[in-house]
There are 2 protein chains.
Amino acid sequence: MKKELPLCPVETTLTLIGDKWKVLILRDLINGTKRFGELKKSIGSISQKVLTQQLRSMEEDGLVERKVYAEVPPRVEYSLTETGSSLKPILDSMCIWGEKYKEQING
Amino acid sequence: MKKELPLCPVETTLTLIGDKWKVLILRDLINGTKRFGELKKSIGSISQKVLTQQLRSMEEDGLVERKVYAEVPPRVEYSLTETGSSLKPILDSMCIWGEKYKEQING
DNA sequence: CCGCATCCAAATGGATACTG
DNA sequence: CAGTATCCATTTGGATGCGG
């Protein structure tokens, strides 16, 4: 099921990262490789099913790399691709803006 | 119904603008004040109900200003607040990133 | 440990009809 | 023109149980 890209580039970006879970995953992986279980624990309220879905989707989009180790018990590690890492400045901007906004609200 | 802000600032920002429709509305309004009908026509595939919902939500969040003129037929104009305008750099970054991404894919 | 399959509840969005 | 109200189809996500 190939996603087709929207006409507007802003929308393209949003389609890829504009999701509550995806940004949280990105922020986690920016600090380095993590295992599935670590991600799940770190994000907290996400269900296993949804986390899997999001990771698969981001993998398809070329933002995340998935590495499976043939061990028992199994180990699966996720990391950002170069494309994924290139989103960092945007995430940082969003972070800064979000903080300012919060200040405005709370006075 | 007051929304409570998420813990992570990135998420805060995303809660406010991370929506297919909201970014499109923002991009439209960045170029100046628009009437309801203009927005609807410009965005195209959005339904009246959803456009109203999104605008109301953005108004509550302090991103958009709504101005009603006591005329017949009625005229309602929407514009960005200062807070809303301050999102422009982020939207621009997203736009640029989206274009690069598209090139990579179609490459 | 990681993830798939299934079932089910809730939220979302479109279509339509009606109003000041 | 710019909404509101209602109904309904689709999507989404949580919970649970099973499997490599």
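Quick note on labels: first sequence line is chain A, next is B, and so on, each numbered from 1.
Exactly one of A/Lys34, A/Arg35, A/Lys41 qualifies for a salt bridge (Lys or Arg N to Asp or Glu O under 4.0 Å) with A/Asp28. That residue is A/Lys34.
Protein atom CD of B/Glu71 is 13 Å distant from nucleotide atom C1' of D/dA2, rounded to whole Å. What separates NZ of B/Lys20 from P of C/dG13 is a distance of 9 Å, to the nearest Å. Here D/dC1 presents its P atom at 17 Å from CG of B/Leu55, a figure rounded to the nearest Å. Put simply, CD on A/Glu77 is 12 Å from P on C/dG3, counting in whole angstrom units. The distance between atom CD1 of B/Ile43 and atom P of C/dG14, rounded to the nearest whole Å, is 11 Å. The distance from atom CG of A/Leu51 to atom P of C/dC2 is 10 Å, rounded to the nearest whole Å. Atom-to-atom, CZ of A/Phe36 to P of C/dC1 comes out at 12 Å; the value is rounded to the nearest Å.
B/Tyr69 comes within 4.0 angstrom of nothing in the nucleic acid, heavy atoms only.
Judged by distance alone, the side chain of B/Thr33 and the main-chain N or O of B/Ser79 form no donor-acceptor pair under 3.5 Å. Checked by atom type and distance alone, the side chain of B/Ser93 never pairs as donor or acceptor with a backbone atom of A/Ile90 at under 3.5 Å.
Contact record, A/Tyr101 with B/Asp61: OH-O, 2.8 Å, taken as the closest heavy-atom pair.
Distances from the side chain of A/Arg35 to the nucleotides C/dC1, D/dC1, C/dG3 place C/dC1 closest.
A side-chain donor-acceptor contact under 3.5 Å links B/Ser57 and B/Lys22.
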Open item on the list: Protein within reach of the bases, or only the backbone? For nucleotides 4-20 of chain D, mark each nucleotide 5' to 3' as B, S or -, using heavy atoms under 4.0 Å.
Closed with: B-BB-----BBB----B
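Checking the phosphate oxygens (OP1, OP2) of C/dG3, a side-chain nitrogen or oxygen of A/Tyr78 falls inside 4.0 Å.
Enclosure of atom CD in B/Glu71 by more than 12 non-hydrogen atoms of other residues, nucleotides or ligands within 6.0 angstrom is indicated.
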